[in-house]
Amino acid sequence: MQRFWLFKSEPNTFSIEDLAKSKGKKTTWEGVRNYQARNLLRDDVKRGDGVLFYHSNTDPLAIVGTAEVVKPGYPDHYAWQADHKYFDDASSPEKPVWYMVDIKLVTIFKQPVTRSMLTEHPVTAQMMVMKRGSRLSIQPVTAEEWQAVHELAGIV
DNA sequence: GCCAACGTTGGC
DNA sequence: GCCAACGTTGGC
């Protein structure tokens with residue numbers, strides 16, 4: 001069964017435009033270093049799942065498009081590259097600690113769904129990302145929320 | 001096992 | 001720039 005997720009990214013680091021410019025419009029989603037998010041990537045995010053691409057720490061804050069999971073959870077090999085910023089010596093090829101997935105761009109919204117738009121819609125106002133102090137970088141999204149975001153983006 | 005200190009995230 | 005929320009670390 002297809003599920004839905006929201007992936008947060010700071011556009012300074014990696015924006016949806018960067019994804020659009022990537023080879024095959026695909027990217028690896030490495031560097032997640034939080035156990036709760038790791039568990040989701042490792043156990044629950046599946047090929048074909050839908051991803052809402054959210055720009056955090058920017059102006060305007062918005063869901064800017066969607067992507068699709070093209071490769072489910074596999075060990076994050078950057079964790080065992082000593083010179084890499086995502087290096088973590090607790091992880092190794094024998095005992096990987098961190099996981100990553102691959103995603104592919106589906107749509108850049110012509111109308112980004114801003115945080116203020118999300119606030120005004122009864123369904124999207126309840127999304128996890130809207131909660132104060134919501135820091136999880138990989139968040140589950142319900143089918144209703146997925147649908148409501150698409151309506152706000154002008155996609156029916 | 002508790003919890004204070006600290007660092008980071010991220011909205012405002 | 002501020003600060004609340006949260007996760008992690010480390011002393012005890």
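Keep in mind that this is a model prediction, so the values were computed, not measured.
Residues A:Trp98 and A:Tyr35 are in side-chain contact: their nearest non-hydrogen atoms beyond the backbone lie under 4.5 Å apart. No side-chain heavy atom of A:Val64 sits less than 4.5 Å from a side-chain heavy atom of A:Ile108. By the 4.5 Å heavy-atom criterion applied to side chains, A:Gln2 and A:Asp49 are counted as neighbours. By the 4.5 Å heavy-atom criterion applied to side chains, A:Trp5 and A:Gln139 are not counted as neighbours. By the 4.5 Å heavy-atom criterion applied to side chains, A:Met128 and A:Leu6 are not counted as neighbours.
The ring pair (Phe, Tyr, Trp, His ring centres under 6.0 Å) pairs that include a residue from residues 108-135 of chain A are A:Phe109-A:His150, where partners are two or more places apart or lie in different chains. Pairs of residues two or more places apart, or lying in two chains, that qualify as salt bridge (charged side-chain N to carboxylate O under 4.0 Å, His left out) and include a residue from residues 31-41 of chain A are A:Arg33-A:Asp76.
Taking CZ of A:Arg115 as the reference point, atom CD1 of A:Ile63 lies at 9.5 Å (rounded to 0.5 Å).
We find that CE of A:Met128 is positioned 14 Å from P of B:dG11, with the value rounded to whole Å. Distance CG (A:Asn12) to C1' (B:dG10): 13 Å, rounded to an integer number of Å.
Scanning residues 29-45 of chain A for heavy-atom distances under 4.0 Å to DNA chain B yields an empty list. Near DNA chain B, meaning a heavy atom under 4.0 Å from it, residues 111-126 of chain A has A:Arg115 in order of number.
Residues A:Asp43 and A:Tyr99 have side chains that never bring a donor and an acceptor to within less than 3.5 angstrom of each other.
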Output one line per pair: protein atom, nucleotide atom from nucleotides 5-9 of chain B, and distance, for all N/O pairs under 3.5 Å.
{"residue": "B:dT8", "atom": "O2", "partner": "A:Arg135", "partner atom": "NH1", "Å": "3.3"}
{"residue": "B:dT8", "atom": "O2", "partner": "A:Arg135", "partner atom": "NH2", "Å": "3.2"}

All N/O contacts under 3.5 Å from nucleotides 1-3 of chain C to the protein, with atom names and distances to one decimal?
none

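Ring geometry for A:Trp29 versus A:Phe14: interplanar angle over 60°, hence perpendicular rather than tilted (30 to 60°).
Tested against A:Gln147 for a side-chain hydrogen bond (donor to acceptor under 3.5 Å, both in side chains), the candidates A:Glu151, A:Glu145, A:Glu144 yield a single pass: A:Glu151.
Hydrophobic cluster membership differs between A:Phe7 and A:Val129, with clusters built from Ile, Leu, Val, Met, Phe, Trp and Tyr side chains linked at under 4.5 angstrom. A continuous path of hydrophobic side-chain contacts links A:Ile155 to A:Phe4 [ILVMFWY only; heavy atoms under 4.5 Å].
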